Peer 1: 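My questions will all concern the structure given below.
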Amino acid sequence: MSNSFDDIPFFDEEPEPRRPQSRGAAAPAQAGAPATGGLGIAARAMAARDQNRTSIDYLSGLNPEQREAVETTDGPVLVLAGAGTGKTRVLTTRIAHILATGKAWPSQILAVTFTNKAAREMKERIGVLVGGAVEGMPWLGTFHSIGVKLLRRHAELVGLRSDFTILDTDDVVRLIKQLIQAEGLDDKRWPAKQFAGMIDGWKNKGLLPPDIPEGDARAFANGKGRELYAAYQARLRTLNACDFGDLLLHPIALFRKAPDLLKEYHERFRYILVDEYQDTNTAQYMWLRLLAQRPKGVPQNVCCVGDDDQSIYGWRGAEVDNILRFEKDFLGAKVIKLERNYRSTEHILGAAGHLIAHNEGRLGKTLFTDRSDPDDQKVQVHAAWDSEEEARAVGEEIERLQRGDSTDGKKHALNDMAILVRASFQMREFEDRFVTLGLNYRVIGGPRFYERLEVRDAMAYFRLVCQPADDLAFERIVNTPKRGLGDTTVRALHDYARARDIPMLAAASDMIETDELKPKARKALFDVVQMFKNWQERLENIPHTELAEQILEESGYTDMWKNDKSAEAPGRLENLKELIRSMEQFESMRGFLEHVSLVMDAETNENLDAVSIMTLHSAKGLEFDTVFLPGWEEGLFPHQRALDEGGRSGLEEERRLAYVGLTRAKHRCHLWFVSNRRIHGLWQSTMPSRFLDELPPAHVDVAEPSDSSYGGYGGRGGYGQSRFDKAEPFANSYSTPGWKRAQANKTDATRDNWGSRSGHAVERIGYGESGPRGRTIDGELVAKSVSATPSKYFVGDRVFHIKFGNGNVTAVEGNKLTIEFDRAGEKRVLDGFVERVKT
DNA sequence: GCTCATCTACTTTTT
DNA sequence: GTAGATGAGC
């Protein structure tokens with residue numbers, strides 16, 4: 001690409017909305033931009049287009065549909081972009097095109113994404129296209145970050161001050177817990193976490209306390225749900241704080257309250273673009289509708305890009321309906337489908353397409369590709385005996401690919417491979433295995449950097465220095481490190497503060513003058529108050545990173561970890577250093593705090609060659625040469641809970657998740673299912689996922705194991721046969737003895753891969769030291785088999801288990817047996833899976 | 001007020 | 001199975 005965009009004007013902030021066409025002397029040229037004889041890029045671009053359309057280099061290389069999506073700038077457009085069809089390219093080129101043709105200034109384009117990552121990527125890619133002018137796109141960001149921007153400007157209209165704090169989930173839960181206790185309710189019977197979830201759900205729907213359904217209101221806190229929600233909102237206001245939902249709801253309220261202001265924004269935003277439209281929730285939809293309104297006759301230049309087949313966030317409020325309804329919402333909308341896929345092989349697309357066709361209520365797209373290579377591998381379905389073997393076999397295949405021993409004979413980088421799991425507990429076994437093998441891996445997802453205990457503690461100090469009214473921060477750190485300021489003191493402070501309607505830090509300042517507190521607490525509190533006074537004085541006078549260091553030193557916080565002998569302590573100190581290092585990029589402590597509350601995801605170390613392990617959800621938008629999809633079993637995938645709670649639509653969302661998984665693969669895709677999996681610490685027999693049945697045989701190979709000795713399911717435990725035994729459309733190839741053998745694939749022969757290589761590296765992106773490990777799923781399988789009926793087995797019984805062989809029952813608890821197996825040692829299993837052995 | 005032991009729950013996760 | 005949350009005891 002060229003520098004031909006160099007002289008696109010840009011604005012740091014708030015240019016007067018003006019007609020680009022009337023530009024000229026008014027346009028501030030970008031520093032260093034060459035003078036172009038008075039002819040701006042827009043004019044040049046348009047001239048070029050008029051002469052010869054293909055001469056505009058940023059448009060070349062687009063296929064006709066993509067090009068249409070880029071060039072249809074006026075009027076509503078819905079771009080249905082299938083996986084791997086160049087969605088981001090269309091979005092970024094479209095913005096470049098709008099700029100190049102002089103239809104709008106950078107500051108007149110509103111471009112919304114869902115994640116910070118997507119926003120960052122878009123900025124970078126536009127930057128490449130336009131050559132830096134993207135700095136002047138102040139309205140490119142996530143719904144939430146744009147919401148913050150609007151609110152900071154107009155906070156007073158919704159009863160906030162413009163320096164409001166943004167609370168994260170953790171703060172919210174603590175706050176709600178206080179409210180529940182203040183109401184005199186039992187916080188065990190009414191868990192704060194659950195209520196936080198309910199509030200989040202309401203806010204996703206755009207509902208404030210008066211709007212929530214009566215049933216919802218009654219379902220919590222002895223029917224006081226609505227009051228509690230209202231109390232929460234009131235408390236946020238006194239704290240001058242917002243939760244994430246408010247960042248959407250307040251702007252909506254604001255626009256409704258001040259139509260003139262809304263009109264200003266209408267004039268400002270000539271073009272609106274929304275990425276991942278299938279993931280928008282009702283509140284975001286309302287927000288968008290308000291901003292997209294135009295008087296009659298004025299075109300609504302709204303372009304939404306999305307893929308209904310990749311909607312996987314229904315459970316957190318996303319409304320696929322928004323995308324399905326687009327044409328009704330925006331009359332005269334043009335719908336452009338992108339179906340030409342540039343990512344995957346025919347087989348992968350064929351498998352994914354056939355699978356997703358089982359869903360109803362789609363807009364209907366079929367991906368196709370020009371590539372056709374007889375050497376392309378079909379999607380491979382593998383069976384393993386249990387999850388341990390699954391991990392072992394995946395590890396072997398990865399090593400084969402790495403060595404170049406695999407089918408294509410080429411060596412593959414670990415960076416090009418990924419394991420995508422349905423639930424994070426599945427990651428563990430792969431990690432264990434890879435540690436054993438000395439295989440580099442990186443785990444993506446889970447709690448982020450700023451969610452770590454030490455980072456949050458440090459942040460609480462910083463917040464309180466900047467925002468003395470931040471009671472949540474105050475409560476978090478008054479007694480961290482330990483200062484002898486326990487519950488009693490904090491409660492006293494709390495009551496004092498609430499009674500006088502002042503912040504707790506101020507209350508502390510008052511109370512040290514009285515003799516309400518014990519001398520010991522009083523002294524400790526005096527020190528705390530003094531420290532904060534000191535820091536606040538320094539806030540404007542010394543560099544913020546220096547102050548941050550001093551705060552952590554003087555508060556004794558770093559010492560607390562230095563004196564901690566636990567294994568995590570050094571890592572925590574390292575994280576604190578990292579936190580301060582990352583502050584350097586910001587102008588002030590306030591600027592930093594704002595950033596952290598909204599963004600701050602860990603970056604991947606691109607230099608490390610490692611296999612990625614992540615959930616299917618976090619894999620959306622990514623692609624890998626080889627993709628491993630383990631755990632395709634009923635109850636896990638589709639997840640039992642999705643079926644129980646979501647019914648048919650739940651199943652369809654699971655299927656979309658499967659579709660997302662398959663379409664991540666460029667060249668090789670391996671599916672796995674196991675016959676035995678440990679669920680809630682108990683070994684369970686499992687059935688292959690119905691999604692396997694929904695794959696087209698033409699694009700799928702069933703991997704044959706090398707040897708076999710298969711015991712069969714044996715109809716134990718009330719599950720009957722494998723569904724693959726039933727006569728189903730594609731069941732034939734799966735019900736052959738070979739297939740059954742595949743399910744029984746044993747790999748004792750493969751047990752010799754032990755020992756660790758040197759230089760083994762593990763990267764944990766976004767995971768704290770204690771990620772969600774060892775979690776298991778709740779499923780029908782368990783619900784069915786764990787019954788109240790006492791077991792027919794007794795201590796001392798000799799039994800046989802399909803996985804572990806013979807053993808003696810050593811304990812019976814309902815139908816859960818503890819068995820000492822002759823070879824496998826002590827295990828807990830359900831009695832449905834063992835047989836009494838005659839002795 | 002702090003520490004250890006028992007109890008409990010347990011998909012997905014962004015902002 | 002296991003982490004995190006709570007409650008009794010020091």
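Labels below follow one simple rule: chain letters A, B, ... track the order of the sequence lines, proteins then strands, and each chain is numbered from 1. Keep in mind that what you see is a predicted model, and the values were worked out from it rather than measured. Only this structure's heavy atoms are used, side chains among them; waters, hydrogens and symmetry mates stay out.
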Peer 1: With the side chain of A:Arg678 defined as its heavy atoms from C-beta on, choose the nearest nucleotide among C:dG1, B:dT12, B:dT15.
Peer 2: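 So the nucleotide nearest the side chain must be C:dG1.
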Peer 1: Keeping the roles fixed (side chain from A:Glu654, backbone from A:His639), state whether a donor-acceptor pair exists under 3.5 Å.
Peer 2: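 Yes, because the side chain of A:Glu654 sits within donor-acceptor range (under 3.5 Å) of the backbone of A:His639.
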Peer 1: Rounded to the Å, how far apart are A:Leu636 CG and B:dC10 C1'?
Peer 2: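 After rounding, the reported distance stands at 13 Å.
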Peer 1: Give a yes/no verdict on base stacking between B:dT15 and A:His144: centres under 5.5 Å, planes within less than 30° of parallel.
Peer 2: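 Not stacked: fails the 5.5 Å / 30° test.
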Peer 1: Provide, to the nearest angstrom, the distance between the CZ atom belonging to A:Arg656 and the P atom belonging to B:dT12.
Peer 2: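 One finds 18 Å between P of B:dT12 and CZ of A:Arg656, rounded.
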Peer 1: Which nucleotide wins on minimum distance to the side chain of A:Arg422, given the candidates B:dT15, B:dT12, C:dT2?
Peer 2: B:dT12
Peer 1: If you find the nucleotide of DNA chain B closest to A:Phe114 and the one closest to A:Glu654, which residue's nucleotide is nearer the 5' end?
Peer 2: A:Glu654
Peer 1: So, A:His680 and B:dC10: ring centres less than 5.5 Å apart, planes less than 30° off, yes or no?
Peer 2: yes
Peer 1: To the nearest angstrom, how far is A:Gln426 atom CD from B:dC10 atom C1'?
Peer 2: 14 Å
Peer 1: Any base atoms under 4.0 Å from A:Ser618, or only sugar-phosphate, or nothing? Heavy atoms, all strands.
Peer 2: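 Sugar-phosphate, no base atom in range.
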Peer 1: With A:Arg655 as the cation and A:Phe691 as the aromatic partner, state whether NZ or CZ is under 6.0 Å from the six-membered ring centre and within 45° of the axis.
Peer 2: no
Peer 1: Remember a base hit wins even if backbone is also touched, and classify A:Glu429 as base, sugar-phosphate or nothing at under 4.0 Å, heavy atoms.
Peer 2: nothing
Peer 1: Given atom CZ of A:Phe425 and atom C1' of B:dT11, what is their separation to the nearest angstrom?
Peer 2: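 Spelled out: CZ on A:Phe425 to C1' on B:dT11 is 9 Å.
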Peer 1: Donor-acceptor pair, A:Thr280 side chain versus A:Glu276 backbone, under 3.5 Å?
Peer 2: no
Peer 1: Take the protein atom NZ of A:Lys620 and the nucleotide atom C1' of B:dT11, then report the distance between them rounded to whole Å.
Peer 2: 16 Å
Peer 1: Check the interface with nucleotides 1-8 of chain B: list each N/O to N/O pair with the protein under 3.5 Å, or write none.
Peer 2:
{"from": "B:dG1", "atom 1": "OP1", "to": "A:Gly486", "atom 2": "N", "distance (Å)": "3.2"}
{"from": "B:dG1", "atom 1": "OP2", "to": "A:Asp487", "atom 2": "N", "distance (Å)": "3.2"}
{"from": "B:dG1", "atom 1": "OP2", "to": "A:Thr488", "atom 2": "OG1", "distance (Å)": "3.3"}

Peer 1: A:Asp170 has an atom CG; how far is it from atom C1' of B:dT15, in whole Å?
Peer 2: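 Distance check: A:Asp170 CG to B:dT15 C1' gives 15 Å.
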Peer 1: Taking side chain as C-beta onward, heavy atoms only, is A:Met614 less than 4.5 Å from A:Val443?
Peer 2: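 SC-SC contact between A:Met614 and A:Val443 ruled out.
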Peer 1: Rounded to whole Å, how long is the line connecting atom CG of A:Leu682 with atom C1' of C:dT2?
Peer 2: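 So the two atoms are 13 Å apart, to the nearest Å.
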Peer 1: Report yes if the ring of A:Trp315 lies under 5.5 Å from the six-membered base ring of B:dT11 with planes under 30°, and no otherwise.
Peer 2: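 Per 5.5 Å and 30° rule: no stacking.
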Peer 1: Could you pull out all residues at least two apart from A:His494 that satisfy ring pair (Phe, Tyr, Trp, His ring centres under 6.0 Å)?
Peer 2: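 If we apply the ring pair (Phe, Tyr, Trp, His ring centres under 6.0 Å) test to A:His494, skipping adjacent residues, there are no hits.
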Peer 1: Could you tell me the separation between the CG atom of A:Asp432 and the P atom of C:dG1, rounded to a whole number of Å?
Peer 2: 13 Å
Peer 1: Does the pair A:Glu594/A:Arg590 count as a salt bridge with the N-to-O cut at 4.0 Å?
Peer 2: no
Peer 1: Base, sugar-phosphate, or nothing for A:Lys177, non-hydrogen atoms under 4.0 angstrom?
Peer 2: sugar-phosphate
Peer 1: Using the test side-chain contact (heavy atoms from CB on, under 4.5 Å), find all partners of A:Thr88 that sit at least two apart in sequence or belong to another chain.
Peer 2: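 For A:Thr88, the residues satisfying side-chain contact (heavy atoms from CB on, under 4.5 Å) (neighbours in sequence not counted) are A:Thr92, A:Arg125.
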Peer 1: Centre of A:Tyr313's six-membered ring, under 6.0 Å away, within 45 degrees of the axis: is that where NZ or CZ of A:Arg316 sits?
Peer 2: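 Yes, a cation-pi geometry holds between A:Arg316 and A:Tyr313.
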Peer 1: So, OP1 or OP2 of B:dT15: does either fall under 4.0 Å of a side-chain N or O from A:Thr169?
Peer 2: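 For B:dT15, OP1/OP2 do not have a side-chain N/O of A:Thr169 under 4.0 Å.
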